[in-house]
Amino acid sequence: MNSGIRVRFAPSPTGYLHIGGARTALFNWLFARKHHGTFILRIEDTDRERSTPEAVATILDGLRWLGLDWDEGPFYQSERLAAHRQLAEHLLAAGHAYKSYETKEELEAMRQAAEAAKQPFVFRGRILSPAEEAQLTAQGIPYVVRFRVPRTDGAVTFHDLVHGEQTKRYADIEDFALLRSDGSPLYILSNAADDIAERVTHVIRGQDGLANTPKQLLIYRALGVPEPTFAHLPLILDGKRAKLSKRKHGERATVQFYQAQGFIPDAFLNAIALIGWSPGDNREILSREDMIAAFDFAQVSRTNGIFNLPPADQPLADPRQFTDPKALWLNAEYLRTLPLDRLLPMVQAQLETAGLWKPAFATGDGQAWFARTVDVIRERFRTLVDFTTYGRAYFDDTFDIDPEAARKNLRDPRLATWLPELADTLEPLPDWTAEAVEAALRDFAAAREVKAGLFINAARVALTGQSVGPSMFEVFVLIGRERSCARLRATGQRLMAEAPASRDAAATS
RNA sequence: GCCGCUAUGGUGUAACCGGUUAACACGCCGCCCUCUCACGGCGGAGAGUACGGGUUCGAGCCCCGUUAGCGGUACCA
């Protein structure tokens with residue numbers, strides 16, 4: 001049952017999908033889904049220099065990753081220029097527009113004069129007779145087609161779903177250009193024309209479009225076509241309340257960055273949904289279905305929202321704090337709570353990208369092992385990429401020992417001989433279970449009159465390269481008998497190889 | 001220059017469209033759990049609402065001014 005509601009997301013292809021754009025797409029999508037409407041994708045690609053196929057593909061890929069499926073489109077604005085010009089001709093013929101022959105220099109001089117007089121500059125061009133127009137055109141004087149704002153007292157009034165009632169007097173609206181002197185249409189016209197062609201019922205866009213809405217409504221009314229309802233969304237700014245941009249913030253302002261960094265799409269949507277909207281009941285974790293059910297313009301804020309990025313010009317104090325803290329927390333929440341059968345394919349894709357995936361993880365016992373391992377280690381991770389970095393040791397033999405971890409837990413010189421001995425003790429265990437390994441390790445420690453913690457923490461570094469992780473006896477099981485013992489021996493040998501140099505140095509001094 | 005919007009704990013937001021304990025989450029602190037680090041459980045600190053006026057019995061919420069931020073104002077999109 002289609003409600004007749006039609007909304008659209010209409011990005012310009014700039015080379016990346018902006019976080020703010022993704023948020024606008026999301027609110028359009030939520031509104032369409034909540035009200036059983038139609039979500040239209042339109043690419044506003046009239047800036048032909050910037051609108052490369054790669055730039056378009058980036059937007060489409062970003063929307064697909066987010067799972068924001070469109071029902072119609074993508075439509076390309078550049079394919080409709082003739083229709084836009086036709087609309088302008090229609091407005092000309094009906095007297096709602098005129099040819100304006102003023103030059104840019106003349107306009108600039110007027111603007112500066114008004115500024116000097118501290119007056120607003122509201123351009124009103126001379127409206128010529130057809131004979132005058134013909135004469136100037138015959139002389140080859142270029143002209144712009146401008147909308148003829150009514151000269152009467154009056155105002156454009158409309159109700160914005162977020163900002164409420166808006167009024168702008170005709171006297172405060174300049175005669176704005178519809179067509180450039182080369183005949184190409186301007187954004188104001190193209191944007192409205194496509195909304196009309198697509199029979200858009202609700203224009204849901206960023207707040208930067210609010211001030212231009214009275215002009216667009218004048219076009220609708222001059223054409224005598226149905227007007228959409230407007231909802232203007234708060235912008236997304238950085239922690240210093242400056243605009244988010246790739247130029248200023250780098251990749252962190254782009255949706256692709258979060259995909260590459262191992263964000264879960266639902267978590268990312270949840271994070272950006274809460275920028276400028278709240279469900280009304282203090283909930284922070286919302287599934288798509290939750291958001292669809294709860295979405296309401298009454299809870300969309302007029303306040304510009306903040307996506308808190310670390311300063312771009314300084315190295316990160318903590319590499320794990322690479323973006324908005326709340327977004328990171330949400331992604332970690334999703335990692336911990338997502339049903340395993342949804343998480344496993346995501347981890348597999350990440351391991352494949354990192355070159356760590358092995359077919360054995362997908363067959364027989366390996367499948368069960370893979371699921372178990374992911375389930376145990378996910379609790380300490382914030383992104384999917386963490387499985388390939390902090391969790392690398394579980395999936396591959398090539399992993400780095402964290403220098404800090406080694407400094408902290410491999411200091412005792414006796415470990416050089418004890419770790420291989422521990423391997424000798426564990427390797428013949430009849431059963432390789434957490435309980436069996438624990439019992440054997442504690443006996444091993446007791447026999448040497450040291451605390452078990454010494455071996456537990458050393459083994460953690462030897463087996464995983466990290467000083468932190470799941471319970472160590474579970475780790476022994478996950479890494480397996482063969483790999484555990486090999487890594488204990490390798491670490492012992494490494495310590496042995498390092499120790500003689502230290503003693504020689506001590507003897508010299 | 002002119003017009004519009006915004007300003008609430010360290011961070012992000014909320015607060016019956018004025019009612020008399022300013023809420024939630026993250027982060028922070030303490031305890032429990034604990035082989036490490038997490039997760040989880042229990043508890044705690046922290047804003048009196050940018051600044052200055054006004055209206056009102058009563059204002060975070062209404063009005064005025066200031067400061068700051070954002071947006072619009074182009075033959076930009």
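Remember, it's a predicted structure, so these values are computed and weren't measured experimentally. Convention: sequence-line order gives letters A, B, ...; per-chain numbering from 1.
- Here the nucleotide nearest the side chain of A/R146, chosen from B/G1, B/C75, B/C39, is B/C75.
- Spacing of C1' atoms, B/A7 relative to B/U34, comes out at 45 Å, to the nearest Å.
- Checking A/Y258 against A/T383 by side-chain atom types alone, no donor-acceptor pair falls below 3.5 Å.
- Distances shown here put every side-chain N or O of A/K168 at or beyond 4.0 Å from the OP1 or OP2 atom of B/C3.
- Seen from the ring of A/Y390, A/R320 counts as a face-on cation partner, given the 6.0 Å and 45° thresholds.
- Judged by closest nucleotide on RNA chain B, A/F381 is the one of A/A242 and A/F381 placed further toward the 5' end.
- The closest side-chain donor-acceptor pair between A/N409 and A/S467, if any, does not fall under 3.5 angstrom.
- With hydrogens and angles left out, the side-chain atoms of A/E102 and A/S100 include a donor and acceptor closer than 3.5 Å.
- When heavy atoms are screened at a 4.0 angstrom cut-off, A/E174 is found touching the sugar-phosphate backbone but no base atom.
- Comparing the P positions of B/A25 and B/C39 gives an interatomic distance of 15 Å, to the nearest angstrom.
- Heavy atoms of A/G453 sit nowhere under 4.0 angstrom from any nucleic acid atom.
- Summarising the geometry, the separation between CZ on A/R302 and P on B/A7 is reported as 8 Å, rounded to the nearest angstrom.
- For the C1' atom pair drawn from B/C26 and B/C64, the interatomic distance equals 37 Å after rounding to whole Å.
- Both tests hold for A/R80 against A/F75: distance to the six-membered ring centre under 6.0 Å, angle to the ring axis within 45°.
- For the residue pair A/D194 and A/H84, a side-chain donor N or O sits within less than 3.5 Å of a side-chain acceptor on the partner.
- No contact: A/K240 has no heavy atom under 4.0 Å from any strand.
- Contacts of A/L107 with the nucleic acid, taken as non-hydrogen atoms under 4.0 Å apart, involve only primed sugar atoms and P, OP1 or OP2.
- Note on A/T46: only backbone sugar-phosphate atoms sit closer than 4.0 angstrom, heavy atoms only; bases stay farther off.
- At distances below 3.5 Å, not a single donor-acceptor pair connects side-chain atoms of A/D375 with backbone N or O atoms of A/R372.
- Glycosidic torsion of B/G72 falls outside 90° of 0, placing the base in anti.
- One atom, CG of A/L178, and another, C1' of B/A74, lie 14 Å apart when rounded to the nearest Å.
- Distance CD (A/E474) to C1' (B/A38): 15 Å, rounded to an integer number of Å.
- Comparing B/G71, B/C39, B/C75 by their closest approach to the side chain of A/S181 singles out B/C75.
- Taking atom P on both B/C5 and B/C62, the two are 12 Å apart, rounded to the nearest angstrom.
- The CG-P distance, from A/L186 to B/U73, rounds to 11 Å in whole Å.
- Between A/K215 atom NZ and B/C76 atom P the separation is 12 Å, expressed in whole Å.
- Of the possible polar contacts, none joining the A/R205 side chain to the A/F9 backbone as a donor-acceptor pair under 3.5 Å is found.
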Check: Taking it one step at a time, do A/R126 and A/Y98 satisfy side chain to side chain contact (heavy atoms under 4.5 Å, CB included)?
Finding: CA-CA 9 Å; A/R126 293 166 54 218; A/Y98 61 95; over 6 Å; no

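- In RNA chain B, runs of at least 3 stacked Watson-Crick or G-U pairs (N1-N3 plus N6-O4 or O6-N4, or N1-O2 plus O6-N3, all under 3.5 Å) give these stems: B:1-7 with B:67-73, B:10-13 with B:23-26, B:28-32 with B:40-44, B:50-54 with B:62-66.
- Residue contacts shown for A/P142 are absent, as no nucleic acid heavy atom lies under 4.0 Å away.
- If you check the side chains of A/T24 and A/H18, you find no donor sitting under 3.5 Å from an acceptor.
- One C1' atom belongs to B/U8, the other to B/G4, and the distance between them is 22 Å to the nearest Å.
- Rounded to an integer number of Å, the gap from A/F121 CZ to B/G1 P is 18 Å.
- Judged by distance alone, with hydrogens and angles left aside, A/S467 brings no side-chain donor or acceptor close enough to the base of B/C37 to form a pair under 3.5 Å.
- Inspection of the A/Y187 and A/N212 side chains reveals no N or O donor paired with an N or O acceptor under 3.5 Å.
- Using a 4.0 Å heavy-atom distance criterion, A/R283 is classed as making no nucleic acid contact.
- Heavy-atom nearest nucleotides on RNA chain B were determined for A/E115 and for A/G469, and the one closer to the 5' end corresponds to A/E115.
- At whole-Å resolution of the value, CG in A/N212 and P in B/C5 are 16 Å apart.
- Within the nucleic acid shown, A/A177 comes within 4.0 Å of sugar-phosphate atoms alone, with no base atom in reach, counting heavy atoms only.
- Between B/C29 and B/C70, the two P atoms lie 33 Å apart (nearest whole Å).
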Next item on the list: Could you go through the side-chain hydrogen bond (donor to acceptor under 3.5 Å, both in side chains) check for A/R252 and A/T323 one step at a time?
Entry: CA-CA 7 Å; A/R252 286 173 176 81; A/T323 191; 5.6 Å; no

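- Look at the C1' atom in both B/U55 and B/A15: the space between them is 22 Å, to the nearest Å.
- Between A/L335 atom CG and B/A38 atom C1' the separation is 13 Å, expressed in whole Å.
- As rounded to the nearest Å, B/G54 and B/A14 have P atoms that lie 30 Å from one another.
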Next item on the list: Take nucleotides 10-17 of chain B nucleotide by nucleotide from the 5' end and write B, S or -, depending on whether a protein heavy atom sits under 4.0 Å from the base, only from the sugar-phosphate, or from neither.
Entry: -SBSSS--

